[in-house]
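Working notes for the structure below.
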Amino acid sequence: MRIICNFADMNTALIYLDNAATTPVDPSVLEAMNQHHEVFGNPSSVHVQGRKARVLVEQARRTVAKIMQVAPAEVFFTSGGTEANNAILWGCALNLGYTHFITSMLEHPAVLKPLQYLRQFAGIQVHFVNTDTLGHIDPEHLEKLLKEHPGALVSLMHANNETGNLLPVNTVSHLCKKYQAAFHSDTVQTIGKYSMDLPHLGFDFAVASAHKFCGPKGVGFMAVPTGKFFKPFIAGGGQERNMRAGTENVPAIIGLAKALEIAHVRMAEDQVHIRSLKSACIRLLRERIQGVGFNGDVHGSSLHTILNVSLPLNMDADLLLPNLDMAGICVSSGSACASGSNKASHVLSAMEVDPSRPSVRISFGRQNTLAEVETLVDVLARHATPL
Ligand code: PLP
């Protein structure tokens, strides 16, 4: 009989290290959203309440546009990253005439699933760029695919949500330009973490989700350049200049803009703090757990907020997360977006990670402390050496 060990005596305070799944809402964001609740008008109404709400939405759009270095007219609010990715991919296939899509097996389901449907129902062709065991794309193979299909749509994520691996953006955007391809990137994990001058980086289409940078859930945006607008994925009224129907979620949009502003003001400080937590975690895990490994290019091009740990074989994968949960520690196995399923991660499988070794994704946020990382490593080390 397997017994779930109770580590609850070690530390009862909640330790949240699952910031790639979602982040706590910043108190100043909540305050900004609450302040505007009395402006309840529909931004499409022409009367005073409607006009007040419209002003707030357009202010938020200008804030986002300035930070992303695009025109306000190129920012469209959505319900989040999933919708934004879907809208762009469907729009590119159905309205902009793209027939060849180049992507990788390491993408988030919010990209892989729409591509699967587009292949099935719209007859597009999907080509997968080779990736290596560290989780990097092969630029030479990308160039070969682009040579065969110039003018394709390339969809490659900026940072992988499971491993934190970063895309060589300059290389990809250079290749896209060389072969007249359009470049869509799922930037959900990086917007709010890095300065993002979208045109300078070479992204044609980018997406964001507010709840990944201490904003509210259920709101995001897509950046779409003038000249590449498409018909709305969500059809109905003429909101968002005919790019996304549905009454705008005004408080959430205000919260998104506030959260993005805060993330940019604090960016340098947050990067230093979070990087130090990730380095400490790697060092402590190596010191305390024999045979520990890391999935992805942990010492190379990697997002500071994400660490994917491969634990030794003697650790029971099924009990690991429940035990951590009982100890008040929130982390993820692989990707939390698969609704907590125990299915093997498609990302780790594509990277040929040994499926018998349990993996956990630890993802850090600005609110985390070194003491929390030490407690996590303590619990993992206890679990690695059963009594
Ligand atoms: N893309 C990536 C890389 C993600 O990590 C996520 C969420 O985890 C999404 C898309 C989906 O975003 P949303 O939760 O806003 O729909």
Side-chain angles (χ1 to χ4, degrees), residues 16-25 29 64 75-90 103-116 131 135 137 154-167 169 172 183-194 196 203 205-223 233-234 244 246 249 252-253 255-257 259-260 263 295-296 302-308 330-341 343 345-348 350-351 361-365:
Y16 186 80
L17 286 161
D18 200 13
N19 293 276
T22 196
T23 51
V25 181
V29 170
V64 171
V75 173
F76 303 92
F77 293 114
T78 65
S79 66
T82 301
E83 184 197 319
N85 280 325
N86 270 267
I88 291 166
L89 295 171
W90 281 87
T103 190
S104 86
M105 293 301 286
L106 308 179
E107 301 303 304
H108 190 275
V111 164
L112 290 178
K113 277 279 170 66
L115 288 180
Q116 184 192 322
T131 51
I137 60 141
V154 172
S155 180
L156 293 169
M157 70 203 306
H158 192 188
N160 187 279
N161 56 298
E162 295 195 36
T163 62
N165 264 26
L166 287 167
L167 186 75
V169 173
V172 174
F183 183 14
H184 161 243
S185 189
D186 180 343
T187 43
V188 162
Q189 292 291 345
T190 49
I191 284 186
K193 315 285 175 16
Y194 295 115
M196 300 281 273
F203 294 126
F205 303 97
V207 303
S209 177
H211 73 101
K212 308 291 187 184
F213 49 86
C214 301
K217 291 170 183 57
V219 65
F221 65 84
M222 54 185 174
F233 177 66
I234 307 251
R244 200 276 183 181
N249 185 346
I253 288 171
L256 178 151
L260 193 60
N295 301 317
S302 180
L303 178 63
H304 46 288
T305 53
I306 298 180
L307 179 64
N308 197 305
C330 307
V331 293
S332 250
S333 70
S335 165
C337 298
S339 37
S341 73
K343 270 202 313 202
S345 143
H346 72 283
V347 174
L348 300 187
M351 289 165 57
R361 180 187 68 181
I362 302 165
S363 49
F364 310 93

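Every number for a ligand or one of its atoms is a count from 1 in the order of the listing. Side chains included, hydrogens not; waters and symmetry mates left out as well; all remaining heavy atoms used.
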>> Could you walk me through whether His184 and Met222 satisfy the side chain to side chain contact (heavy atoms under 4.5 Å, CB included) test, starting with their C-alpha distance in whole Å, then the side-chain angles of each, then the deciding distance to 0.1 Å, before giving a yes or no?
In response: CA-CA 10 Å; His184 161 243; Met222 54 185 174; over 6 Å; no
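- Within the listing of ligand 1, atoms 13 (P), 15 (O) sit less than 4.0 angstrom from a heavy atom of Ser209.
- Of all the atoms in ligand 1, the ones that sit under 4.0 Å from a non-hydrogen atom of Gly80 are 15 (O).
- On a distance-only criterion, Met157 and ligand 1 share no N/O pair closer than 3.5 Å.
- Side-chain N/O atoms of His158 and Ser185 include no donor and acceptor closer than 3.5 Å.
- In this structure, Glu107 has no heavy atom closer than 4.0 Å to ligand 1.
- At a 3.5 angstrom cut-off on N or O pairs, Ser79 does not count as close to ligand 1.
- For atom 14 (O) of ligand 1, the candidate residues are His211, Lys217, Glu162; the nearest heavy-atom contact is made by His211.
- A perpendicular orientation is assigned to the rings of Phe221 and Phe77, their planes being inclined by more than 60° (bins at 30° and 60°).
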>> Assess the residue pair Lys217 and Thr22 against the criterion (side chain to side chain donor-acceptor pair (under 3.5 Å)); give the C-alpha distance rounded to whole Å, side-chain angles, the decisive distance to 0.1 Å, and a yes or no.
In response: CA-CA 8 Å; Lys217 291 170 183 57; Thr22 196; 3.2 Å; yes
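- Close approach of ligand 1 to Thr82 is summarised as follows: ligand atoms under 4.0 Å from at least one heavy atom of the residue are 11 (C), 12 (O), 13 (P), 16 (O).
- Residues Asn85 and Asp186 bring a donor and an acceptor atom of their side chains to less than 3.5 Å of each other.
- Neither the backbone nor the side chain of Glu83 has any atom closer than 4.0 Å to an atom of ligand 1 (non-hydrogen atoms only).
- When heavy-atom distances to ligand 1 are checked against a 4.0 Å cut-off, Asn161 comes that close only through its side chain, counted from C-beta outward.
- In the model, Ser332 has a side-chain atom that pairs as donor or acceptor with a side-chain atom of Asp18 under 3.5 Å.
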> Can Leu106 and Met351 be said to form a side chain to side chain contact (heavy atoms under 4.5 Å, CB included), step by step?
Replying inline: CA-CA 8 Å; Leu106 308 179; Met351 289 165 57; 4.2 Å; yes
